[in-house]
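Both counts, for ligands and for their atoms, begin at 1 and track the order of listing. Bear in mind the structure is a predicted one, so any value in this text is a computation, not a measurement. Residues: numbered from 1 along the sequence shown.
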Amino acid sequence: MAIEHFEVELVDASMIAPNVKHLVFKKADGSKFEFVPGQFITFLFDHEDGKLRRRSYSVATIPNQTDLIEIAISYVDGGIASENFFNMQKGQCFNVMGPAGRLILKENEVIDKLILVGTGTGIAPYRAMLPSLQTALTKNVKTVYILLGVQYQQDAIYAKDFRQYVKNTPNLHFIACLSREENALLEDEVKGYVQRYFEKLDLNPAHDVVYLCGNPNMIDDAFALLSEYGFDAKHVRREKYISSN
Ligand SMILES: Cc1cc2nc3c(=O)[nH]c(=O)nc-3n(C[C@H](O)[C@H](O)[C@H](O)COP(=O)(O)OP(=O)(O)OC[C@H]3O[C@@H](n4cnc5c(N)ncnc54)[C@H](O)[C@@H]3O)c2cc1C
């Protein structure tokens, strides 16, 4: 799919965690937004220093629910995109390019355990993958674990969607790993960092595949750990959430 330049218009916005906003856009020309689940789009901001700034966001849209573009953005104090996104009004338009990105499912790849790990908003691409995961679980993938790493229960964005799909999909699991929560945990919640959950999964580097998305430190830690288990780079797919300039 070619990378397009297009304009989007904000149609809805809501806080979904204390520090995270869910934003919904439509393409300004009214055409349908096409993407592969797991891809991101890049917003182009004119900054006051005269330079163009690029900020990328994973598409969180569940394809069979809407044609709109949904993203989740975590607020960074003073950040160029954060200040724009947290102060924008409905109807405001932005220049965007995309979709792009290789954190996508490979069609027909035979996998025993597919482990999808995301910290914070890094869970967004897996929300978009939910219908594709349902299909893959009837064909080429035996089991899927979606592991979300956040600090507290209240930070677990999109947990409702994951739980809904888990209820209706055999061999799909969702675990929220909460690093700081002191309250009682739900059945699918555990205490600790997300990468610590690997030891519970009896991973096999020959037959399992791991996707890592979000906080760069989590990705480096998790990759180091998986390398110790014998995973090579081919079986670990990574997307670090960093600003490009
Ligand atoms: C492929 C890709 C997909 C991405 N998808 C998402 C997504 O779905 N949701 C999302 O929220 N982000 C996502 N990001 C990160 C996003 O592009 C921005 O980097 C992020 O929103 C911060 O941009 P900003 O302009 O608000 O802050 P900036 O202007 O980039 O940063 C302001 C200051 O804060 C620091 N900073 C930047 N990020 C953080 C942080 N996370 N924590 C603490 N300090 C920080 C910077 O070093 C700088 O000093 C993605 C990045 C990539 C590369």
(message) On a heavy-atom basis, I'd like to know which of A124, S243, P216, C213 is closest to atom 30 (O) of ligand 1.
(response) S243
(request) Identify the protein heavy atom lying closest to atom 53 (C) of ligand 1, giving its residue, its atom name and the separation to 0.1 Å. (result) I242 O, 3.3 Å
(message) I need the contact type for R53 against ligand 1. Using non-hydrogen atoms and a strict under-4.0 Å cut-off, is it side chain, backbone, both or neither?
(response) neither
(message) Starting from atom 21 (O) of ligand 1, what is the nearest protein heavy atom, named by residue and atom, and what distance separates them?
(response) Y57 OH, 2.7 Å
(message) Applying a strict under-4.5 Å side-chain criterion to I, L, V, M, F, W and Y, I'd like to know whether L185 and Y197 cluster together.
(response) no
(message) Looking only at protein heavy atoms, which one is nearest to atom 16 (C) of ligand 1, and what is the separation?
(response) S56 O, 3.4 Å
(message) Nearest 0.5 angstrom please: E181 CD to Q154 CD, how far?
(response) 7.5 Å
(message) Under 4.0 Å from atom 27 (O) of ligand 1, is there at least one protein heavy atom?
(response) yes
(request) Apply salt bridge (charged side-chain N to carboxylate O under 4.0 Å, His left out) to K139 and E109, showing your working. (result) CA-CA 10 Å; K139 286 163 55 183; E109 184 180 25; over 6 Å; no
(request) Evaluate salt bridge (charged side-chain N to carboxylate O under 4.0 Å, His left out) for K27 paired with D67, printing each intermediate quantity in order. (result) CA-CA 10 Å; K27 281 179 83 169; D67 288 340; over 6 Å; no
(message) Can you see whether Y241 engages S58 through a side-chain donor-acceptor pair at a distance of less than 3.5 angstrom?
(response) yes
(request) Do me a favour and list the nearest non-hydrogen protein atom to atom 3 (C) of ligand 1 with residue, atom name and distance? (result) Y241 CE1, 3.3 Å
(message) Protein heavy atoms near atom 13 (C) of ligand 1, is at least one of them under 4.0 angstrom away?
(response) yes
(request) Heavy-atom distances under 4.0 Å are what count here, so tell me which part of V20 touches ligand 1: side chain, backbone, both or neither. (result) neither
(message) Can you tell me which residue among V194, I123, V190 is in a side-chain contact (heavy atoms from CB on, under 4.5 Å) with L147?
(response) V194
(request) Among all protein heavy atoms, pick out the one at the shortest distance from atom 32 (C) of ligand 1; state its residue, atom name and that distance to 0.1 Å. (result) G79 CA, 3.7 Å
(message) Please tell me if atom 50 (C) of ligand 1 is touched by the protein, where touching means a protein heavy-atom distance below 4.0 Å.
(response) yes
(message) Over 60° means perpendicular and under 30° means parallel, so tell me whether F6 and F33 are parallel, tilted or perpendicular.
(response) tilted
(message) Looking at N217 and D220, would you say the former's side chain and the latter's main chain have a donor-acceptor pair under 3.5 Å?
(response) no
(message) As a check for students: among R55, E239, Q39, identify the option with a heavy atom nearest to atom 24 (P) of ligand 1.
(response) R55
(message) So is G78 touching ligand 1 or not, going by heavy atoms under 4.0 Å?
(response) no
(message) Yes or no, since that's all I need: does a protein heavy atom fall within a distance strictly under 4.0 Å of atom 18 (C) of ligand 1?
(response) yes
(request) Name the closest protein heavy atom to atom 11 (O) of ligand 1, giving the residue it belongs to and the distance to 0.1 Å. (result) S74 N, 2.9 Å
(request) Among all protein heavy atoms, pick the one closest to atom 10 (C) of ligand 1 and tell me residue, atom and distance. (result) T121 OG1, 3.4 Å
(request) Look only at the side chain of S56 and the backbone of F40, and say whether a donor-acceptor pair between them is shorter than 3.5 Å. (result) no
(request) Look only at the side chain of E34 and the backbone of P99, and say whether a donor-acceptor pair between them is shorter than 3.5 Å. (result) no
(message) For atom 44 (N) of ligand 1, tell me which residue out of I71, N84, V76 has the closest non-hydrogen atom.
(response) V76
(message) Starting from atom 8 (O) of ligand 1, what is the nearest protein heavy atom, named by residue and atom, and what distance separates them?
(response) S58 N, 3.1 Å
(request) Answer side chain, backbone, both or neither: which part of S244 comes under 4.0 Å from ligand 1, heavy atoms only. (result) neither
(message) Is the distance from the ring center of F85 to that of F43 below 6.0 Å?
(response) yes
(request) Assess the side chains of Y152 and R180: does a donor N or O sit below 3.5 Å from an acceptor N or O? (result) no
